[in-house]
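Here is the structure we will look at, set down as structure tokens.
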Amino acid sequence: MTFDTLSSDQIQALLDEQTAAYETLKASGLKLDLTRGKPSPAQLDLSNELLSMPGADFADAAGTDTRNYGGLTGLTELREIFAPIMQVPVEQVVAGDNASLAMMHDNLVFALFHGVADSEQPWGVEEAVKFICPVPGYDRHFALLEEYGIEMLPVDLLDDGPDVAAVRELVKDPAVKGMWLVPTYSNPTGAVVSEAVAAELAALETAAPDFRIFWDNAYAVHHLTEQHTKTADILGLCSASGHPNRPVIFASTSKVTFAGSGVCFLGSSADNIEWYLKHLAKRTIGPDKVNQLRHARFLKSVDGVHALMDGHREILAPKFQAVVDILNARLGEHGVASWTEPKGGYFVSLDVVDGTASRVIQLAREAGVAMTPAGAAFPYGDDPRDRNIRIAPSYPSPEELAAAIDVLATCVLIAACEQALAQ
Ligand code: PMP
């Protein structure tokens with residue numbers, strides 16, 4: 001992407017104009033943060049009923065006192081609500097504490113120390129363990145792998161899922177033990193893994209007999225339009241292809257109720273759940289059942305979850321629209337950037353001129369707008385084209401968001417002009 005039709009004098013004029021606008025913005029003392037996909041206070045308010053629950057009636061449907069120890073799999077009535085969302089039988093769903101990221105962490109660590117259900121030995125004693133990482137992707141997935149010395153192999157995330165041809169090549173290496181996937185409204189591009197791609201991944205012949213797909217469905221019900229995209233049934237597809245233990249499915253209510261005090265879920269084959277619970281039993285006596293009980297009573301049913309998500313959509317959709325509108329208005333005519341228009345999830349992914357993302361983020365920071373660091377959506381923080389920027393529109397107020405995206409657009413133009421003039 002470049003200024004195809006502009007002369008260098010015209011680019012210089014644009015740079016002067018944008019620099020003047022930038023200096024004015026900088027002087028206005030902005031302090032805006034678009035770094036993380038946090039729900040806004042208005043979104044959190046939708047679940048305030050939880051704060052006074054469960055009250056004096058703290059027994060679950062089976063009559064268990066939720067205040068006490070035990071119940072490793074989590075409360076049945078809450079698992080019943082999330083089992084259909086995860087497309088896993090309720091007996092194969094575990095409800096945990098507040099962070100699915102912690103479940104992902106534990107799955108990796110248990111695998112490294114013990115191997116998974118069909119491993120010959122612990123992953124940790126293998127010479128190398130590698131994971132396929134669709135990019136751009138979720139920085140914390142990559143941070144987890146880096147933390148434990150698991151080598152990351154990037155593949156392109158396309159509109160309908162990862163580049164399957166590239167994945168097919170990589171899984172010929174027996175050291176490749178798994179891959180990340182955010183199947184619905186991925187972080188950050190909003191891509192949705194199609195049924196066809198999911199079926200191909202389910203059927204892949206992998207050199208490692210204990211290959212796992214970490215299917216992180218963090219945004220399963222987080223629609224931004226009337227269209228309710230249905231996630232592919234990865235467990236059914238893998239079972240039908242003779243690989244029932246391949247998928248490990250994660251979800252949580254972090255962006256449904258309270259991001260810091262929600263409930264997370266793991267779904268998988270019966271063998272994998274047995275394996276997980278065996279190791280989990282050493283780590284904890286049981287989850288926070290009081291929190292699970294109040295969630296079950298507050299959400300009530302799958303319809304209850306969707307109704308709550310409609311409330312989130314009302315708050316979020318106009319913010320996403322504003323981001324896209326401002327980017328269009330400010331950048332559309334120049335052809336120096338492209339961006340996603342997601343139908344769900346929490347992010348807009350912006351690609352700027354190759355080699356300028358770091359500069360854009362630096363300029364934005366100096367003008368008081370904090371963005372996720374350049375390269376964050378890539379393993380080892382390395383965006384080979386230095387072009388991807390993740391925008392998280394959820395937390396700021398509409399006014400703050402508009403101001404921040406305006407600054408960002410100015411920075412994109414300045415960096416693009418600088419680059420074009422330097423060539
Ligand atoms: N997975 C993805 C893809 C996410 O974007 C996030 C939150 N940004 C998480 C997991 C974190 O989930 P949790 O709060 O359940 O740990």
Side-chain angles (χ1 to χ4, degrees), residues 33-40 43-44 47 50 74 78 82 85-86 93-109 131-145 147 152 157 161-162 178-193 213-224 229 231 234 247-267 287-288 291-292 295 299 305 309 312 316 320 340 342-349 371-373 376-379 388 390-395:
D33 189 339
L34 291 186
T35 54
R36 304 246 46 119
K38 291 199 296 190
S40 63
Q43 289 179 264
L44 298 171
S47 299
L50 278 174
L78 186 61
F82 279 83
I85 292 172
M86 300 174 79
V93 173
V94 177
D97 291 329
N98 70 323
S100 60
L101 197 63
M103 280 178 155
M104 299 173 211
H105 171 274
D106 288 353
N107 270 268
L108 278 180
V109 172
F131 252 61
I132 298 169
C133 299
V135 293
Y138 178 34
D139 53 353
R140 291 184 189 274
H141 285 165
F142 304 152
L144 266 183
L145 298 181
E147 174 78 2
M152 294 182 259
L157 180 64
M179 75 183 291
W180 288 111
L181 260 190
V182 181
T184 300
Y185 309 136
S186 82
N187 175 353
T189 71
V192 176
V193 176
I213 298 176
F214 279 16
W215 185 264
D216 177 5
N217 209 356
Y219 301 107
V221 290
H222 302 56
H223 316 290
L224 286 168
T229 303
T231 304
I234 192 69
V248 186
I249 302 168
F250 303 94
S252 79
T253 71
S254 291
K255 272 79 180 250
V256 176
T257 57
F258 295 152
S261 319
V263 180
C264 63
F265 301 92
L266 179 141
D288 179 347
N291 188 33
Q292 295 187 356
H295 272 81
L299 296 169
V305 174
M309 295 315 294
H312 284 284
L316 282 175
F320 277 75
T340 54
K343 297 208 160 54
Y346 259 62
F347 302 98
V348 172
S349 179
M371 305 292 306
T372 314
F378 293 77
N388 185 253
R390 186 179 83 165
I391 301 173
S394 56
Y395 191 81

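We count ligands from 1, going down the list as the structure has it; atoms in each ligand are counted the same way. Numbers here are sequence positions counted from 1.
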Going by atom types only, do Lys255 and Tyr219 share a side-chain donor-acceptor pair under 3.5 Å? yes
Flag for Thr229-His223: side-chain donor and acceptor within less than 3.5 Å: no
May I ask you to list the atoms of ligand 1 that are less than 4.0 angstrom from any heavy atom of [X]?
X      : value
Ala99  : 15 (O), 16 (O)
Ser254 : 13 (P), 14 (O), 15 (O)
Ser252 : 13 (P), 15 (O)
Val182 : 3 (C)

Residues passing the side chain to side chain contact (heavy atoms under 4.5 Å, CB included) test with Thr372, sequence neighbours excluded, are Thr35, Asp139, Ala376, Arg390
List for me each residue that meets ring pair (Phe, Tyr, Trp, His ring centres under 6.0 Å) alongside Tyr138, sequence neighbours excluded, and say none if there are none. His141
Contact with ligand 1 for Phe250, non-hydrogen, under 4.0 angstrom: no
Between Ser100, Gly137, Pro188, flag the one that comes closest to atom 12 (O) of ligand 1 by a heavy atom. Ser100
Just need the protein heavy atom nearest to [atom], so name the residue and atom and give the distance.
atom                    : value
atom 7 (C) of ligand 1  : Lys255 NZ, 3.2 Å
atom 16 (O) of ligand 1 : Leu101 N, 3.0 Å
atom 4 (C) of ligand 1  : Tyr219 OH, 3.4 Å

For residues Val135 and Pro379, determine if any side-chain heavy atom of one lies less than 4.5 Å from a side-chain heavy atom of the other. yes
Do Thr184 and Thr231 pass the side-chain hydrogen bond (donor to acceptor under 3.5 Å, both in side chains) test, and can you show the C-alpha distance, the side-chain angles, and the key distance before you say yes or no? CA-CA 6 Å; Thr184 300; Thr231 304; 2.6 Å; yes
